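Accompanying notes for the structure given below.
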Amino acid sequence: MTEKIQQHMYTRERKGIFHDTAGYDSIAMSEELKPAFVKKYLHPFCFYHVPRTLREKAEKDPAQYPSAVTILQPETGELVIGQAVFVPADFTGSRSTYFLHHYVIPPLLKEEWIQNPEMLFRVEAFQTAYEVEQGQLLPELEVVPFNDSLMVDDELLAALGISMTAFRQLLLAVMLSISGKKKVYISLPVPLQDYTEYALRLMEFVYRFLPFAHRRRLGLLTFTSEPEARNDIHVTFFEPGSLNIHDRSFAKQFLFDFARGKISGVEIGQSAYLRFAAEHLSESPKMEKFFEFTEMALAGFTEGQLLALGSYDQLIPLYRTLVYDDYSDYLKNKLGFMKNLFYFLQVKGEEKLDLLALFLKVWEVEKKGEEPS
(Lines give C-alpha, C1' and ligand atoms only; values in the text may rest on other atoms or scores of the structure.)
Protein backbone atom coordinates (compact mmCIF):
# COMPACT_ATOMS: atom_id res chain seq x y z
CA MET A 1 0.00 0.00 0.00
CA THR A 2 1.07 3.58 -0.60
CA GLU A 3 2.69 5.70 2.12
CA LYS A 4 -0.23 8.12 1.98
CA ILE A 5 -3.47 8.04 3.97
CA GLN A 6 -6.38 6.39 2.14
CA GLN A 7 -10.10 7.22 2.44
CA HIS A 8 -13.29 5.18 2.23
CA MET A 9 -16.98 6.15 2.35
CA TYR A 10 -20.01 3.90 2.85
CA THR A 11 -23.78 4.44 2.97
CA ARG A 12 -27.04 3.40 1.33
CA GLU A 13 -27.26 4.58 -2.26
CA ARG A 14 -28.78 3.71 -5.63
CA LYS A 15 -25.61 1.80 -6.46
CA GLY A 16 -22.11 1.51 -5.11
CA ILE A 17 -18.63 0.33 -5.99
CA PHE A 18 -19.28 -3.37 -5.43
CA HIS A 19 -23.02 -3.59 -6.26
CA ASP A 20 -25.06 -2.12 -9.10
CA THR A 21 -28.32 -2.28 -7.13
CA ALA A 22 -29.67 -0.04 -4.37
CA GLY A 23 -28.47 -0.76 -0.85
CA TYR A 24 -25.55 -0.36 1.52
CA ASP A 25 -22.17 -0.33 -0.18
CA SER A 26 -18.89 1.54 -0.51
CA ILE A 27 -19.60 4.62 -2.59
CA ALA A 28 -16.13 6.15 -2.87
CA MET A 29 -12.57 5.29 -1.90
CA SER A 30 -8.93 6.09 -2.60
CA GLU A 31 -7.27 4.41 -5.53
CA GLU A 32 -4.71 2.43 -3.53
CA LEU A 33 -7.28 0.76 -1.27
CA LYS A 34 -7.59 -2.85 -2.34
CA PRO A 35 -11.14 -4.24 -2.74
CA ALA A 36 -10.18 -7.34 -0.75
CA PHE A 37 -8.98 -5.17 2.16
CA VAL A 38 -12.17 -3.09 2.11
CA LYS A 39 -14.43 -6.14 2.09
CA LYS A 40 -12.52 -8.06 4.75
CA TYR A 41 -11.56 -5.33 7.21
CA LEU A 42 -13.83 -2.33 6.65
CA HIS A 43 -17.24 -3.69 5.64
CA PRO A 44 -17.73 -5.77 8.82
CA PHE A 45 -17.56 -2.52 10.80
CA CYS A 46 -19.77 -0.45 8.51
CA PHE A 47 -22.81 -0.09 10.75
CA TYR A 48 -24.58 2.37 13.01
CA HIS A 49 -26.92 1.36 15.84
CA VAL A 50 -29.51 4.03 16.53
CA PRO A 51 -29.96 4.86 20.24
CA ARG A 52 -32.99 3.02 21.56
CA THR A 53 -34.33 6.03 23.39
CA LEU A 54 -34.26 8.12 20.20
CA ARG A 55 -35.70 5.33 18.06
CA GLU A 56 -38.63 4.91 20.43
CA LYS A 57 -39.63 8.55 20.04
CA ALA A 58 -38.81 8.64 16.31
CA GLU A 59 -36.38 11.54 16.72
CA LYS A 60 -35.59 13.17 13.36
CA ASP A 61 -33.01 15.76 14.41
CA PRO A 62 -29.56 14.32 13.51
CA ALA A 63 -27.92 16.64 16.05
CA GLN A 64 -29.47 14.53 18.84
CA TYR A 65 -27.70 11.38 17.64
CA PRO A 66 -24.17 10.53 18.74
CA SER A 67 -21.61 9.68 16.12
CA ALA A 68 -19.87 6.32 16.46
CA VAL A 69 -16.10 6.27 16.01
CA THR A 70 -14.31 3.00 15.34
CA ILE A 71 -10.58 2.40 15.70
CA LEU A 72 -9.23 -0.81 14.16
CA GLN A 73 -5.77 -2.27 13.70
CA PRO A 74 -5.95 -5.14 11.21
CA GLU A 75 -3.36 -7.89 11.13
CA THR A 76 -2.02 -6.32 7.91
CA GLY A 77 -0.55 -3.44 9.95
CA GLU A 78 -2.75 -0.49 9.06
CA LEU A 79 -4.52 1.81 11.50
CA VAL A 80 -8.16 2.44 10.60
CA ILE A 81 -10.21 5.31 12.03
CA GLY A 82 -13.85 5.62 11.01
CA GLN A 83 -16.90 7.65 11.98
CA ALA A 84 -20.54 6.70 11.40
CA VAL A 85 -23.32 9.27 11.70
CA PHE A 86 -27.11 9.09 11.58
CA VAL A 87 -28.73 10.47 8.41
CA PRO A 88 -32.49 11.19 8.66
CA ALA A 89 -33.24 10.47 5.00
CA ASP A 90 -31.53 8.34 2.34
CA PHE A 91 -31.57 8.89 -1.44
CA THR A 92 -35.27 7.94 -1.55
CA GLY A 93 -36.14 10.52 1.08
CA SER A 94 -38.39 8.00 2.79
CA ARG A 95 -36.21 6.30 5.39
CA SER A 96 -33.23 6.98 7.59
CA THR A 97 -29.75 5.66 6.98
CA TYR A 98 -26.18 6.29 8.13
CA PHE A 99 -22.99 7.55 6.56
CA LEU A 100 -19.51 6.27 7.35
CA HIS A 101 -16.10 7.80 6.55
CA HIS A 102 -12.81 5.94 7.11
CA TYR A 103 -9.21 7.01 7.13
CA VAL A 104 -6.72 4.19 6.61
CA ILE A 105 -3.26 4.99 7.96
CA PRO A 106 -0.52 2.89 6.29
CA PRO A 107 1.91 0.90 8.47
CA LEU A 108 4.81 3.28 7.72
CA LEU A 109 2.86 6.23 9.17
CA LYS A 110 1.12 4.37 11.98
CA GLU A 111 3.81 4.79 14.64
CA GLU A 112 3.48 8.58 14.66
CA TRP A 113 -0.23 8.19 15.44
CA ILE A 114 0.46 5.58 18.12
CA GLN A 115 2.87 7.87 19.94
CA ASN A 116 0.70 11.00 19.59
CA PRO A 117 -2.76 10.18 20.97
CA GLU A 118 -4.18 13.59 20.05
CA MET A 119 -3.85 12.66 16.35
CA LEU A 120 -5.90 9.51 16.91
CA PHE A 121 -8.64 10.73 19.22
CA ARG A 122 -9.22 14.28 17.98
CA VAL A 123 -9.74 13.91 14.22
CA GLU A 124 -11.67 16.91 12.94
CA ALA A 125 -12.00 16.08 9.26
CA PHE A 126 -14.63 13.33 9.10
CA GLN A 127 -17.12 13.86 6.29
CA THR A 128 -20.81 13.34 7.04
CA ALA A 129 -22.13 13.33 3.46
CA TYR A 130 -20.95 12.80 -0.10
CA GLU A 131 -22.48 13.53 -3.47
CA VAL A 132 -22.04 10.42 -5.61
CA GLU A 133 -21.99 12.63 -8.71
CA GLN A 134 -18.47 13.63 -7.63
CA GLY A 135 -17.27 10.15 -8.58
CA GLN A 136 -16.02 7.07 -6.76
CA LEU A 137 -12.40 8.16 -6.39
CA LEU A 138 -11.26 9.91 -3.21
CA PRO A 139 -7.86 11.61 -2.89
CA GLU A 140 -4.96 10.23 -0.91
CA LEU A 141 -3.88 12.48 1.97
CA GLU A 142 -0.60 13.50 3.55
CA VAL A 143 -2.20 14.48 6.87
CA VAL A 144 -5.55 14.40 8.66
CA PRO A 145 -6.46 17.57 10.62
CA PHE A 146 -6.94 17.17 14.38
CA ASN A 147 -7.66 19.43 17.34
CA ASP A 148 -4.34 20.17 19.03
CA SER A 149 -5.72 22.67 21.52
CA LEU A 150 -8.07 20.45 23.54
CA MET A 151 -6.82 19.63 27.04
CA VAL A 152 -7.39 16.10 28.29
CA ASP A 153 -6.43 15.61 31.93
CA ASP A 154 -7.49 13.87 35.11
CA GLU A 155 -10.26 16.43 35.73
CA LEU A 156 -12.21 14.45 33.14
CA LEU A 157 -12.39 11.53 35.57
CA ALA A 158 -14.06 13.70 38.21
CA ALA A 159 -16.52 15.03 35.63
CA LEU A 160 -17.52 11.47 34.78
CA GLY A 161 -17.61 10.31 38.40
CA ILE A 162 -14.67 7.93 37.92
CA SER A 163 -12.62 7.37 41.07
CA MET A 164 -8.89 6.67 41.22
CA THR A 165 -9.63 3.01 41.97
CA ALA A 166 -12.09 2.78 39.07
CA PHE A 167 -9.53 4.28 36.70
CA ARG A 168 -6.92 1.74 37.74
CA GLN A 169 -9.48 -1.01 37.21
CA LEU A 170 -10.30 0.37 33.77
CA LEU A 171 -6.65 0.65 32.76
CA LEU A 172 -6.04 -2.93 33.89
CA ALA A 173 -9.14 -4.20 32.08
CA VAL A 174 -8.09 -2.55 28.81
CA MET A 175 -4.59 -4.03 29.07
CA LEU A 176 -5.95 -7.50 29.84
CA SER A 177 -8.48 -7.28 27.01
CA ILE A 178 -5.77 -6.42 24.50
CA SER A 179 -3.59 -9.29 25.69
CA GLY A 180 -6.46 -11.77 26.11
CA LYS A 181 -10.00 -12.58 24.98
CA LYS A 182 -12.25 -10.69 27.38
CA LYS A 183 -13.93 -7.47 26.27
CA VAL A 184 -14.44 -4.12 28.02
CA TYR A 185 -17.93 -2.56 28.02
CA ILE A 186 -18.44 1.02 29.22
CA SER A 187 -21.46 3.27 29.74
CA LEU A 188 -21.20 6.98 30.55
CA PRO A 189 -23.48 9.35 32.52
CA VAL A 190 -23.61 11.96 29.75
CA PRO A 191 -26.23 13.14 27.22
CA LEU A 192 -26.44 10.98 24.10
CA GLN A 193 -25.45 13.79 21.74
CA ASP A 194 -22.19 14.18 23.71
CA TYR A 195 -21.51 10.47 24.09
CA THR A 196 -18.74 9.96 21.56
CA GLU A 197 -17.03 13.20 22.56
CA TYR A 198 -16.69 11.96 26.14
CA ALA A 199 -15.87 8.41 25.06
CA LEU A 200 -12.98 9.67 22.94
CA ARG A 201 -11.73 11.95 25.70
CA LEU A 202 -11.82 9.15 28.25
CA MET A 203 -10.08 6.70 25.92
CA GLU A 204 -7.43 9.25 25.02
CA PHE A 205 -6.69 9.63 28.72
CA VAL A 206 -6.55 5.84 29.21
CA TYR A 207 -4.44 5.52 26.06
CA ARG A 208 -1.80 7.83 27.51
CA PHE A 209 -1.23 5.23 30.23
CA LEU A 210 -1.06 2.28 27.84
CA PRO A 211 2.37 0.93 26.83
CA PHE A 212 3.15 1.26 23.13
CA ALA A 213 2.71 -2.50 22.57
CA HIS A 214 -0.89 -2.25 23.78
CA ARG A 215 -1.54 0.92 21.79
CA ARG A 216 -0.52 -0.90 18.61
CA ARG A 217 -3.38 -3.37 19.05
CA LEU A 218 -6.25 -1.41 20.62
CA GLY A 219 -9.65 -1.65 18.94
CA LEU A 220 -12.44 0.75 19.98
CA LEU A 221 -16.11 1.53 19.32
CA THR A 222 -17.39 4.73 20.94
CA PHE A 223 -21.14 4.08 20.69
CA THR A 224 -23.60 1.27 20.14
CA SER A 225 -27.10 0.44 21.34
CA GLU A 226 -26.45 -3.23 20.58
CA PRO A 227 -23.36 -4.21 22.59
CA GLU A 228 -21.79 -7.50 21.57
CA ALA A 229 -18.36 -9.07 21.25
CA ARG A 230 -16.64 -8.16 17.98
CA ASN A 231 -13.32 -9.33 16.65
CA ASP A 232 -10.60 -6.67 16.83
CA ILE A 233 -12.69 -4.47 19.18
CA HIS A 234 -11.47 -4.48 22.78
CA VAL A 235 -13.43 -1.53 24.21
CA THR A 236 -17.10 -0.82 23.45
CA PHE A 237 -19.10 2.13 24.77
CA PHE A 238 -22.79 1.27 24.96
CA GLU A 239 -25.98 3.24 25.42
CA PRO A 240 -26.97 3.19 29.11
CA GLY A 241 -29.58 0.52 29.69
CA SER A 242 -28.93 -1.33 26.42
CA LEU A 243 -26.75 -4.07 27.90
CA ASN A 244 -28.64 -7.27 28.68
CA ILE A 245 -27.48 -7.90 32.24
CA HIS A 246 -29.17 -11.32 32.16
CA ASP A 247 -26.98 -12.45 29.27
CA ARG A 248 -24.47 -14.77 30.95
CA SER A 249 -21.81 -14.03 28.31
CA PHE A 250 -21.49 -10.45 29.61
CA ALA A 251 -20.94 -11.70 33.16
CA LYS A 252 -17.56 -12.99 32.05
CA GLN A 253 -16.46 -9.65 30.58
CA PHE A 254 -15.16 -6.39 32.07
CA LEU A 255 -18.15 -4.16 32.76
CA PHE A 256 -17.86 -0.45 33.63
CA ASP A 257 -21.44 0.75 33.80
CA PHE A 258 -20.54 4.23 35.01
CA ALA A 259 -24.06 5.44 34.17
CA ARG A 260 -25.35 3.13 36.91
CA GLY A 261 -22.30 3.14 39.14
CA LYS A 262 -21.52 -0.56 38.65
CA ILE A 263 -18.17 -2.22 37.90
CA SER A 264 -17.63 -5.96 37.61
CA GLY A 265 -15.18 -8.52 36.29
CA VAL A 266 -11.88 -6.94 37.35
CA GLU A 267 -9.79 -6.90 40.52
CA ILE A 268 -6.70 -4.70 40.76
CA GLY A 269 -4.52 -6.82 43.03
CA GLN A 270 -0.91 -5.77 43.62
CA SER A 271 0.65 -4.13 40.57
CA ALA A 272 3.68 -1.83 40.64
CA TYR A 273 2.76 -0.54 37.19
CA LEU A 274 -0.81 0.39 38.13
CA ARG A 275 0.48 2.20 41.23
CA PHE A 276 3.04 4.04 39.09
CA ALA A 277 0.31 5.08 36.64
CA ALA A 278 -1.87 6.35 39.50
CA GLU A 279 1.06 8.40 40.85
CA HIS A 280 1.31 10.14 37.46
CA LEU A 281 -2.40 10.66 36.91
CA SER A 282 -2.03 14.45 36.77
CA GLU A 283 1.17 14.35 34.73
CA SER A 284 0.54 11.80 31.98
CA PRO A 285 3.24 13.21 29.62
CA LYS A 286 5.86 11.73 31.95
CA MET A 287 4.53 8.27 31.09
CA GLU A 288 5.90 8.66 27.56
CA LYS A 289 9.47 8.57 28.92
CA PHE A 290 8.69 5.39 30.81
CA PHE A 291 7.20 3.79 27.68
CA GLU A 292 10.30 4.70 25.68
CA PHE A 293 12.32 2.94 28.40
CA THR A 294 10.10 -0.15 28.24
CA GLU A 295 10.38 -0.27 24.44
CA MET A 296 14.14 -0.43 24.85
CA ALA A 297 14.09 -2.93 27.70
CA LEU A 298 11.63 -5.30 25.99
CA ALA A 299 13.30 -5.23 22.57
CA GLY A 300 13.63 -8.78 21.27
CA PHE A 301 11.02 -10.28 23.59
CA THR A 302 7.89 -12.08 22.40
CA GLU A 303 4.57 -10.33 21.84
CA GLY A 304 3.18 -12.15 24.86
CA GLN A 305 5.92 -10.67 27.03
CA LEU A 306 5.37 -7.23 25.48
CA LEU A 307 1.69 -7.37 26.46
CA ALA A 308 2.10 -8.95 29.91
CA LEU A 309 1.35 -6.65 32.85
CA GLY A 310 4.07 -8.46 34.79
CA SER A 311 6.74 -7.21 32.39
CA TYR A 312 5.89 -3.61 33.30
CA ASP A 313 5.67 -4.44 37.01
CA GLN A 314 9.24 -5.76 36.76
CA LEU A 315 10.49 -2.68 34.93
CA ILE A 316 9.14 -0.10 37.40
CA PRO A 317 11.93 -0.60 40.03
CA LEU A 318 14.60 -0.48 37.33
CA TYR A 319 13.17 2.72 35.89
CA ARG A 320 12.84 4.43 39.28
CA THR A 321 16.47 3.67 40.07
CA LEU A 322 17.79 4.73 36.68
CA VAL A 323 15.79 7.93 36.23
CA TYR A 324 15.06 9.14 39.77
CA ASP A 325 18.11 7.73 41.58
CA ASP A 326 15.62 6.00 43.86
CA TYR A 327 17.47 2.97 45.23
CA SER A 328 14.77 1.90 47.69
CA ASP A 329 13.62 -1.06 45.59
CA TYR A 330 17.21 -2.18 45.08
CA LEU A 331 18.05 -1.96 48.78
CA LYS A 332 14.89 -3.83 49.77
CA ASN A 333 15.62 -6.78 47.50
CA LYS A 334 19.03 -6.68 45.87
CA LEU A 335 18.85 -10.24 44.56
CA GLY A 336 15.41 -9.75 43.02
CA PHE A 337 16.43 -6.41 41.52
CA MET A 338 19.52 -7.84 39.85
CA LYS A 339 17.58 -10.89 38.68
CA ASN A 340 15.11 -8.58 36.90
CA LEU A 341 17.93 -6.51 35.41
CA PHE A 342 19.71 -9.56 34.00
CA TYR A 343 16.39 -10.95 32.73
CA PHE A 344 15.93 -7.98 30.42
CA LEU A 345 19.61 -7.92 29.46
CA GLN A 346 19.54 -11.56 28.33
CA VAL A 347 17.96 -10.56 24.99
CA LYS A 348 19.84 -8.01 22.85
CA GLY A 349 21.58 -6.83 26.02
CA GLU A 350 24.44 -5.17 24.16
CA GLU A 351 21.92 -2.77 22.58
CA LYS A 352 20.20 -1.80 25.84
CA LEU A 353 22.47 1.02 26.90
CA ASP A 354 20.18 2.35 29.65
CA LEU A 355 20.10 -1.05 31.35
CA LEU A 356 23.86 -1.36 31.07
CA ALA A 357 24.17 2.11 32.60
CA LEU A 358 21.87 1.00 35.42
CA PHE A 359 24.07 -2.01 36.07
CA LEU A 360 27.06 0.29 36.41
CA LYS A 361 25.14 2.57 38.79
CA VAL A 362 24.26 -0.21 41.21
CA TRP A 363 27.77 -1.68 40.86
CA GLU A 364 29.22 1.65 42.00
CA VAL A 365 26.89 1.62 45.00
CA GLU A 366 28.08 -1.84 45.95
CA LYS A 367 31.73 -0.92 45.52
CA LYS A 368 31.36 2.04 47.86
CA GLY A 369 29.61 -0.12 50.40
CA GLU A 370 27.34 2.74 51.39
CA GLU A 371 23.63 3.21 51.03
CA PRO A 372 22.95 6.06 48.58
CA SER A 373 21.40 9.13 50.15
Side-chain angles (χ1 to χ4, degrees), residues 8 10 41-42 44-55 62-73 79-87 98-105 113-114 117-128 144 146-147 150 152 156-157 159-160 162 167 170-171 173-174 177-178 183-210 214-215 217-243 253-259:
H8 170 257
Y10 181 100
Y41 297 110
L42 301 188
F45 296 94
C46 289
F47 56 78
Y48 178 79
H49 298 142
V50 174
R52 296 181 181 185
T53 51
L54 299 183
R55 183 172 60 228
Q64 299 301 310
Y65 289 77
S67 61
V69 171
T70 304
I71 294 175
L72 303 168
Q73 302 192 60
L79 171 64
V80 179
I81 312 166
Q83 176 185 263
V85 294
F86 173 78
V87 178
Y98 60 87
F99 181 90
L100 206 148
H101 182 198
H102 284 117
Y103 292 107
V104 181
I105 317 303
W113 290 67
I114 294 299
E118 61 276 9
M119 296 176 64
L120 183 59
F121 293 96
R122 306 183 205 168
V123 173
E124 291 189 317
F126 284 119
Q127 302 299 309
T128 57
V144 176
F146 65 94
N147 183 342
L150 178 68
V152 176
L156 173 68
L157 301 182
L160 293 174
I162 300 175
F167 175 76
L170 179 57
L171 177 60
V174 173
S177 178
I178 292 170
K183 305 293 185 180
V184 180
Y185 296 93
I186 306 172
S187 75
L188 299 176
V190 299
L192 281 174
Q193 62 265 36
D194 301 326
Y195 214 82
T196 279
E197 176 190 349
Y198 277 97
L200 287 172
R201 290 176 63 190
L202 176 58
M203 281 311 301
E204 178 182 342
F205 191 69
V206 172
Y207 196 82
R208 292 182 180 278
F209 292 88
L210 286 178
H214 296 76
R215 295 184 187 186
R217 292 190 57 177
L218 176 69
L220 168 69
L221 175 62
T222 64
F223 180 81
T224 181
S225 60
E226 301 178 20
E228 61 179 89
R230 294 181 173 87
N231 291 335
D232 299 320
I233 297 292
H234 305 99
V235 181
T236 298
F237 287 81
F238 64 92
E239 179 183 10
S242 66
L243 188 74
Q253 311 305 317
F254 301 121
L255 177 60
F256 293 84
D257 195 349
F258 292 126

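These numbers were taken from a predicted model, which means no experiment stands behind them.
In this pair, H49 and F47 present their aromatic rings parallel. The plane angle is below 30°, not in the 30 to 60° band. By the 30° and 60° cut-offs, the orientation of the rings of Y98 relative to Y48 is tilted.
S187 places a side-chain N or O within 3.5 Å of a backbone atom of A259 that can act as its donor or acceptor partner. Checking side-chain atoms of H101 against main-chain N and O of Q127 turns up a donor-acceptor pair under 3.5 Å.
Counting only heavy atoms from C-beta outward, the side chains of M203 and L218 approach each other to under 4.5 Å. The shortest distance between side-chain heavy atoms of L210 and L171 falls below 4.5 Å. L220 is not listed as a side-chain neighbour of V69, based on a closest heavy-atom distance of 4.5 Å or more. Residues L42 and V80 are in side-chain contact: their nearest non-hydrogen atoms beyond the backbone lie under 4.5 Å apart. Within the 4.5 Å cutoff, no side-chain heavy atoms of L255 are placed close to those of Q253. The closest side-chain heavy-atom distance from Y41 to L72 is not below 4.5 Å. Contact check for L160 versus V190: side-chain heavy atoms found under the 4.5 Å cut-off. Put simply, the side chain of D194 reaches to within 4.5 Å of the side chain of P191, judged on heavy atoms.
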Test side chain to side chain donor-acceptor pair (under 3.5 Å) applied to E239 and T224, step by step = CA-CA 6 Å; E239 179 183 10; T224 181; over 6 Å; no
Evaluate the side-chain contact (heavy atoms from CB on, under 4.5 Å) criterion for residues L170 and L202: first the C-alpha distance (whole Å), next the side-chain angles of each, then the deciding distance (0.1 Å), finally the verdict.
-> CA-CA 10 Å; L170 179 57; L202 176 58; 4.2 Å; yes
Mind running side-chain contact (heavy atoms from CB on, under 4.5 Å) on L120 and F146 for me, showing each step along the way?
-> CA-CA 8 Å; L120 183 59; F146 65 94; over 6 Å; no
Name the atoms and distances for all side-chain donor-acceptor pairs under 3.5 Å in residues 225-236, with sequence neighbours left out.
unit_1, atom_1, unit_2, atom_2, d
S225, OG, V50, O, 2.7
H234, ND1, G219, N, 2.9

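Interatomic distance, OG1 of T70 versus NE2 of H102, reported as 6.0 Å (0.5 Å rounding). Distance check, rounded to the nearest 0.5 Å: CD1 of I71 to CD of Q83 gives 11.5 Å.
Considering all non-hydrogen atoms of both residues, C46 and H8 come closest at SG-CE1, 4.1 Å. The minimum heavy-atom distance between A125 and Y103, with the atom names listed, is O-OH, 2.5 Å. Taking each heavy atom of L79 and Q73 in turn, the nearest pair found is CD1-CG, 3.7 Å. Between P51 and Y65, the closest heavy-atom pair is CD-CD2, 3.7 Å. Looking at every heavy atom in both residues, L188 comes nearest to A199 through CD1-N, 3.7 Å. A63 and Q193 get closest at one heavy-atom pair: O-CB, 3.5 Å.
The residues R122 and E204 are annotated as salt-bridged, a charged nitrogen and a carboxylate oxygen being separated by less than 4.0 angstrom. For R208 and E118, the salt-bridge test passes: some basic side-chain N is under 4.0 Å from an acidic carboxylate O.
Residue pairs satisfying the ring-ring contact (aromatic ring centres under 6.0 Å, His included) criterion with at least one member in residues 183-207, sequence neighbours excluded, are listed as follows: F121-Y207, F167-F205, Y185-F250, Y195-F223, F205-F209.
Every residue meeting the side-chain hydrogen bond (donor to acceptor under 3.5 Å, both in side chains) condition with T196, not counting sequence neighbours, appears here in chain and number order: T222.
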